[in-house]
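The structure appears right after this line, and notes come after that.
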Amino acid sequence: MAFSPLTTGRLTLRAMVPGDAADLAERRSDPATARYQAWVVPYPVESAQALIDAMVERGDVTPGEWFLLAVERTKDGRIVGDVGIRLSEDSHTAEIGYTLHPWARGHYFSTEATGAVCDYVVNVLGVHRIEATTDPGNLPSVRVLDRLGFIHEGTKRESYWVGDRITDDAMYGLLAREWKQRQ
Ligand SMILES: CC(C)(COP(=O)(O)OP(=O)(O)OC[C@H]1O[C@@H](n2cnc3c(N)ncnc32)[C@H](O)[C@@H]1OP(=O)(O)O)[C@@H](O)C(=O)NCCC(=O)NCCS
C-alpha cells in the first residue's frame with residue numbers, strides 16, 4: 001500500500017520522494033534545528049537520500065520504522081518541514097516527531113501538521129496511544145505537545161545523548177479517547 005496524502009486547511013502531508021533529499025539535508029543541517037536531536041550536523045545529502053530511499057521502498061507506515069512525511073504549504077507547494085510516525089511493533093502505539101524549517105516557524109504549521117497525524121494514527125491506523133519525547137528545555141516543542149493535549153508522563157533523567165552531551169528526556173502521551181474527546 002502507498003501512503004495517501006493528508007490535508008489540512010493550509011498543509012499537505014505526503015510520503016517523501018527521492019527529490020526531497022536536499023531539502024531534508026538542509027533542514028537537518030541547521031545547528032539550531034539539530035540542537036535537541038540525535039543526528040549530527042552537517043547532515044549529508046547522501047544520508048538524507050539513503051533514509052528516503054528506505055522509506056520509498058517501504059511505501060507506507062511500517063511497524064518499528066520511522067516514516068517521515070514531507071509537510072507542504074498547499075498554496076505554493078513549498079516544504080515547511082516534516083512529521084515522523086513510528087508505529088510500535090504491535091501497532092498499538094504511534095510515536096511522533098516534528099521539525100520545521102526556521103523560516104516556517106511561528107505560524108502554527110507544526111501544531112496543524114502534527115494534529116493531522118494524530119487524527120490519522122487514531123482514526124485510520126487505530127492506535128490506542130500516541131507518544132512523543134523531547135528535551136524538557138525544548139520549549140517550542142513542549143508547547144506543540146501542550147496545544148495538542150499531550151500529557152507529560154515523566155522525565156527520564158540523563159537518558160538521551162546528543163553527540164557527547166547527555167540530556168533528560170521528557171515523555172508525553174495522548175490516548176486515542178482523549179484525542180477524540182478534543183475533536
Ligand atoms: C518544535 C518546532 C516544530 C515548533 O515550531 P513552532 O513554530 O514554535 O510551532 P508551531 O508551528 O505550532 O507554531 C506555533 C507558534 O507560532 C506562534 N504564532 C502563530 N501565529 C503567530 C502570529 N501571527 N504572530 C506571532 N506568533 C505566532 C504561536 O504563538 C506559537 O508560538 P509559542 O509556542 O511560542 O506560543 C520548531 O521549534 C522546530 O522545528 N524545532 C527544531 C526541531 C525540534 O526540536 N523538533 C521537536 C523534536 S521533539
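Counting convention: from 1, in listed order, for ligands and their atoms alike. This one's a predicted model, so the numbers in the text were calculated from it and none came from an experiment.
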query: What is the ring orientation for Phe67 with Phe3, classed by angle as parallel under 30°, tilted 30 to 60°, or perpendicular over 60°?
result: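 Geometry flag for Phe3 against Phe67: tilted rings.
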query: Taking atom CG of Asp76 as the centre, does the number of heavy atoms from other residues, nucleotides or ligands within less than 6.0 Å exceed 12?
result: yes
Starting from [atom], which protein heavy atom do you reach first, and at what distance in Å?
atom                    : result
atom 4 (C) of ligand 1  : Val144 CG2, 3.8 Å
atom 29 (O) of ligand 1 : Tyr108 OH, 3.5 Å
atom 20 (N) of ligand 1 : Gly106 O, 3.2 Å
atom 46 (C) of ligand 1 : Tyr98 O, 3.4 Å
atom 5 (O) of ligand 1  : Leu100 CD1, 3.7 Å
atom 43 (C) of ligand 1 : Gln37 NE2, 3.2 Å

Does the N or O separation between [X] and ligand 1 drop below 3.5 Å for any pair?
X      : value
Ser110 : yes
Phe109 : yes
Ala104 : no
Ser141 : no
Thr111 : yes

For ligand 1, indicate whether the residue [X] contacts it via side chain, backbone, both or neither (heavy-atom separation under 4.0 Å).
X      : value
Arg143 : side chain
Leu139 : neither
Glu112 : neither

contact_flag Thr114 ligand 1 heavy-atom lt 4.0 Å: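 Outside the 4.0 Å threshold, so no.
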task: Please state whether Arg35 comes within less than 4.0 angstrom of ligand 1, counting heavy atoms only.
output: no
field: Heavy-atom proximity to atom 31 (O) of ligand 1, best of Arg105, His101, Arg147
entry: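 The option holding the nearest heavy atom is Arg147.
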